[in-house]
Each structure stands twice: as C-alpha cells, then as structure tokens.
Amino acid sequence: MTPLRVALERGLPVYCLIRGSAVNNDGLSNGLTAPNPRAQETLLRAAYRRAGLAPWLVDYVECHGTGTPLGDPIEAKALGTVLGREREPGNELRIGSVKSNIGHLEPAAGVAGLVKVALAMRNGILPASLHYSPP
C-alpha cells in the first residue's frame with residue numbers, strides 16, 4: 001500500500017504529492033559556484049519525464065537560488081530552456097527560493113524548500129521572495 005493511500009484511508013492531511021525526482025552530477029564545470037547549464041537541463045528533463053508531467057504545465061519552481069550573480073542566472077536559464085518551451089502566453093513560470101527568507105541552511109536547505117512549497121500549496125499562496133528585483 002502506498003503512503004498516499006494510507007494517508008487518505010486514515011484521513012491524514014496531504015499537503016502535496018511528489019510525483020518524481022532526479023539526481024545527477026554537475027559534470028565538468030568551473031567549480032561549485034558555477035553550475036553546468038547542460039547538466040541542469042538534463043536533470044530537469046529527467047525529473048519531469050519520471051513524473052510523467054509536461055514541463056510547461058508547471059506553475060512554480062522552488063530554486064536552489066543562493067543569490068550568487070553567476071549561479072542563479074545559470075539556474076534560471078536552464079529552467080527557461082526546459083520549462084519555457086511550449087508554454088502558453090500568460091502562463092508564466094514563477095520561481096523563488098526559501099533562502100531569501102531564512103538564509104542558506106546547508107544540508108537542510110532542500111528540505112526547507114520542500115516544506116515551503118508544501119505549505120504554499122496547502123494555503124494557496126506563495127510567500128514573497130525577499131530582496132527580489134526584476135532581472
């Protein structure tokens with residue numbers, strides 16, 4: 001029996017459902033603060049393929065977003081390349097990062113982002129990303 005089915009049968013609250021995931025290696029890059037764009041695009045395509053979800057149907061992505069002038073634009077460009085393709089006009093992709101609200105929690109950063117998104121889905125509102133300015 002799946003955890004979702006158990007939760008539903010027991011009447012437990014379900015905040016979100018993780019349909020798929022993917023992990024890869026950054027491969028050849030200029031270092032930790034300069035992610036490999038092709039590796040990021042490959043990872044995104046794999047995650048959406050495993051989830052059985054068309055990338056252009058996604059409304060929001062919780063980014064790694066460390067606030068670096070090199071890494072964040074690379075991440076945003078990979079998202080635009082993969083999730084922007086075939087996207088209908090007016091169906092903008094929203095992105096954010098919990099790190100703007102609580103800082104970088106090192107190993108807990110990923111789980112903090114997951115909790116943020118689950119709560120946003122439950123409450124029907126995305127928290128604002130602090131210190132945002134248009135690119």
State, to 0.1 Å, how close [X] and [Y] come at their nearest heavy-atom pair, and which atoms those are.
X: Thr68; Y: Pro73; result: O-CD, 3.7 Å
X: Ser97; Y: Asn101; result: O-OD1, 3.8 Å
X: Ala39; Y: Asn25; result: CB-O, 3.8 Å
X: Ser100; Y: Ser129; result: OG-CA, 3.4 Å
X: Pro35; Y: Gly71; result: CD-CA, 3.7 Å

To the closest 0.5 Å, what do you measure between [atom1] ([X]) and [atom2] ([Y])?
X: Tyr60; Y: Lys116; atom1: OH; atom2: NZ; answer: 3.0 Å
X: Leu126; Y: Leu119; atom1: CG; atom2: CG; answer: 11.5 Å
X: Arg19; Y: Leu17; atom1: CZ; atom2: CG; answer: 7.5 Å

[X] (side chain) donor-acceptor with [Y] (main chain) under 3.5 angstrom:
X: Thr2; Y: Arg5; value: yes
X: Asn24; Y: Ala46; value: no
X: Glu75; Y: Gly65; value: yes
X: Asn91; Y: Arg87; value: no

Side chains of [X] and [Y], heavy atoms from C-beta outward: is any pair under 4.5 Å?
X: Cys63; Y: Leu79; result: yes
X: Leu93; Y: Asp59; result: no
X: Trp56; Y: Leu83; result: no
X: His64; Y: His104; result: yes
X: Val117; Y: Tyr15; result: no
X: Tyr48; Y: Arg50; result: no

Quick check on side-chain contact (heavy atoms from CB on, under 4.5 Å): which of Arg38, Glu41, Gln40 does Thr81 satisfy it with?
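Exactly one option meets the side-chain contact (heavy atoms from CB on, under 4.5 Å) with Thr81, and it is Glu41.
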
Please check if atom CD in Glu86 has more than 12 non-hydrogen atoms from other residues, nucleotides or ligands closer than 6.0 Å.
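Yes, CD of Glu86 has more than 12 neighbouring heavy atoms, counting only those of other groups under 6.0 Å.
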
Does atom CG (Leu12) have a neighbourhood of more than 12 heavy atoms from anything else shown, all under 6.0 Å?
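Enclosed: over 12 neighbouring heavy atoms sit under 6.0 Å from CG of Leu12.
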
Determine, using the 4.5 Å side-chain heavy-atom cutoff (strictly less than), whether Val82 and Leu43 are members of one ILVMFWY cluster.
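As far as the 4.5 Å side-chain criterion goes, Leu43 and Val82 are not connected within one cluster.
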
Extract all donor-acceptor atom pairs below 3.5 Å that involve side chains of residues 106-114 and protein atoms in other chains or at least two apart in sequence.
none

